[in-house]
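Numbered from 1 within each chain, the chains take letters A, B, ... in sequence-line order.
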Protein chains: 2
Amino acid sequence: MAEEKKRTTRRITSVDVAREAGLSRATVSFVLNDTPGQSIPEATRQRVLQAAERLGYTPYAPARTLRSGRSDVAVFVLPDWPQGPTMAAFVERAAQVLSRAGLTLVTHVHTGDEQGLARLWTALTPAAVFGMRPFTSGELAGMRRAGISAVLPAAEEPGSDVSTTLWARGVGRLQAEHLIGKGHTRLAYALSDEPRLAALGRGRSEGAAQACAQAGLAAPTVTTIALDTEVTARVVEGWRGDVSAVCAYNDEVALAILAGMRTLGLSAPADLAVIGADDIPGGRFAAPPLTTVAQNSGELGIRIAEALLRTLEGQAPDLNLLPGDIQIVERASA
Amino acid sequence: MAEEKKRTTRRITSVDVAREAGLSRATVSFVLNDTPGQSIPEATRQRVLQAAERLGYTPYAPARTLRSGRSDVAVFVLPDWPQGPTMAAFVERAAQVLSRAGLTLVTHVHTGDEQGLARLWTALTPAAVFGMRPFTSGELAGMRRAGISAVLPAAEEPGSDVSTTLWARGVGRLQAEHLIGKGHTRLAYALSDEPRLAALGRGRSEGAAQACAQAGLAAPTVTTIALDTEVTARVVEGWRGDVSAVCAYNDEVALAILAGMRTLGLSAPADLAVIGADDIPGGRFAAPPLTTVAQNSGELGIRIAEALLRTLEGQAPDLNLLPGDIQIVERASA
DNA sequence: GTCGGCAGCTTACACGTGATAGTTCCGGGT
DNA sequence: ACCCGGAACTATCACGTGTAAGCTGCCGAC
């Protein structure tokens, strides 16, 4: 029966607009897309625009994508570790830049299962994809098959792993350089025991080791600690008399260390200097206020987005870490 | 010339699979979709599957969506205020549930501009949309035109505003009830000066006011404070002798208050009890450790996802706040 | 007066998929 | 001898869009 077809309210298509305006569908398309090389009198143009407005016409993205072969979606694949305000600023600024180019940015948290990513670009067919870790060759092949034209970081170029390698090392390096500048000669590095943060932690501690080597110092003692006051207190006791300053993987680890020190009656930076990373809001209100490394992630988001757009046009990405992307925020703890 | 067409590597379609398998495209479709009502011998089935595997065939989402009228994408529209681990768990669990139903979840941060949302569902044509705030009637009309079948919260039902009203009030109510249970009779509520958090803050403070009214107490004094130690110190001085306990909008505000108290030589909870909200990791390491309200956001994510799926099938959403969704985490500060 | 050219349209195809309505072939019942 | 019915496929349409190609007047130029 006809009821079956009437069940779902019919979509308004350009055919409806054409009928409403008394013109052909092609003319409607020419007007709505400002197709160059067409001569359309202003009267006709207005007739189409008003008809479209009256009916509330919205072009149907799947059909448009099917026809043109290109979608207006960009997707950022985020890791499933907890994201702070740093990532929020990153995504927000990137979205602004992409939006100006007509792209809509969405994010997808990747929980680690193999086929989750495949289903993502199968369901979305984005024009561009950015990930925090380099994609495997299998993933890249799948994306190419799905017709995705711009991918960052492209696994082919080894130095392009923005977050895990380059970026993380920069953070660790800056932490260590600050402590060395304060006269410390024997450092420790405290990693989080959250397994998903292991790769990033390795990057940051390697950066600190680089800075130490450059200053002619021994590499930091690397310890993985649980976020528990009693546990950190014991670790701090182990450090006493050996190291005079500690780089924490992030501000939360740093706060845990400060809490452990507090139970021992120790205080930073006199007994042990502590520096964090990521500049979470709570760090300012610690006792003592936490010295940390802030990442200008908004700026990075803008540059990533611009690199994606450049890739879409077939140019080289050109993505580098700039001075000023990472900064020391000096408070009292180091 | 033909070069133009060869420029972009051709997409592998079901036509290619059909040719490879020596069958028609229809048969390929029947096999790959397990279309019921077809009798296909196992040999043919394997022939198709292996051909598809060999060529690395992936169905093209836009064409599939165009044909079926339904996409496999769900999108969560998130506000642009900074998101903590609470929201991460929420999205992660919801994604799991939706994934089991064949839907891919993506998130989109909405920066507030009017046409950003319109472009979102124009570019994505999601099957389902969830937002943290109720949508305006104009937005709903646009989504219906774009063919989105499930939207939560639907603006029609007034009590369905999960986050801003129901959820936020529940948090404020629990904060106040805990303090009242500790014997406090005169409370204050401290809001953040971040303008984007104003609506949520109003909801939480209203919940606290409800709890006070229920206990026969006066409503809390509501103060908006900047996240600055000196500013909070002055506000705390103003409270002295008047209120004995304060609910903070969130843990960051609470930490700022504790820092302000510290500069005055005061300590919680003896001089002023402080309770936060959201249970950020750093709260455990404050001095004193912060009592707060934890939201079981993972559970909520699951229920929201299930409600979306139910809506997709045409049933009523049935979305309520359950006991156990919000819990007091009692530490030392209150 | 005929004809090229251009403004102002329309007709028709392609994109890749899902599914309906067939078509062919073959074995078995009457 | 005939047909019925099911197994195993295939031909074809529809989805909504962008655009290349074609069509019709009308005006000015020779």
**Study point:** Between the first and last five pairs of the helix from C/dG1-D/dC30 to C/dT30-D/dA1, the angle of the axes, rounded to 10 degrees
**Key:** 80°
Practice item. Could you check how far CZ of B/R11 sits from C1' of C/dC15, rounded to whole Å? Key: 10 Å
Donor-acceptor pairs under 3.5 Å, side chain of residues 50-59 of chain B to any protein atom, not counting sequence neighbours: which ones?
{"from": "B/R54", "atom 1": "NH1", "to": "B/E20", "atom 2": "OE2", "distance (Å)": "2.4"}

Study note, to complete from the structure: The complete set of side-chain hydrogen bond (donor to acceptor under 3.5 Å, both in side chains) pairs with one or both residues in residues 90-99 of chain B, sequence neighbours excluded, reads A/R119-B/S99, B/R93-B/Q96
**Study point:** Inter-residue atom distance B/E299.CD - B/I302.CD1, 0.5 Å rounding
**Key:** 5.0 Å
Point to revise | Close side-chain approach of B/V129 to B/M143, heavy-atom, < 4.5 Å | key: yes
Revision key, fill the gap. Residue pairs meeting salt bridge (Lys or Arg N to Asp or Glu O under 4.0 Å), one or both in residues 23-42 of chain B, sequence neighbours left out, come to B/D34-B/R45
Review point. Taking only residues two or more places apart in sequence or in another chain, which ones pass ring pair (Phe, Tyr, Trp, His ring centres under 6.0 Å) with A/F90?
Key: A/F76, A/F130
**Study point:** Contacts of type side chain to side chain contact (heavy atoms under 4.5 Å, CB included), residue B/S68, not counting sequence neighbours
**Key:** B/R70
Exercise for review: Can you sort out the partners of A/A63 under side chain to side chain contact (heavy atoms under 4.5 Å, CB included), two or more places apart, ordered by chain and number?
Suggested key: A/Y60, B/L66
Study note, to complete from the structure: Hits for side chain to side chain contact (heavy atoms under 4.5 Å, CB included) against B/A123, two or more places apart or cross-chain, chain-then-number order -> A/D72, A/V73, A/T104
Exercise for review: Could you please spell out the steps behind the side chain to side chain contact (heavy atoms under 4.5 Å, CB included) verdict for A/L103 and A/L312?
Suggested key: CA-CA 11 Å; A/L103 291 178; A/L312 269 180; 3.7 Å; yes
Check your understanding: Among residues 13-22 of chain A, which contact DNA chain C at a heavy-atom distance under 4.0 Å?
Key -> none
**Study point:** Euclidean distance, atom CG of residue B/D72 to atom C1' of C/dG18 [Å, nearest integer]
**Key:** 13 Å
Practice item. Give the B/S/- string for nucleotides 19-27 of chain D, one per nucleotide from 5' to 3', where a protein heavy atom under 4.0 Å of the base yields B, of only the sugar-phosphate yields S, and otherwise -. Key: BB-------
**Study point:** DNA chain D contacts made by residues 42-66 of chain B, counting heavy atoms under 4.0 Å
**Key:** B/T44, B/L66
Exercise for review: Indicate yes or no for a side-chain donor-acceptor contact from A/Q38 to the backbone of A/T35 under 3.5 Å, with no hydrogens or angles considered.
Suggested key: no
Check your understanding: In chain order, what residues pass the salt bridge (Lys or Arg N to Asp or Glu O under 4.0 Å) check against A/R19, with sequence neighbours excluded?
Key -> A/D16
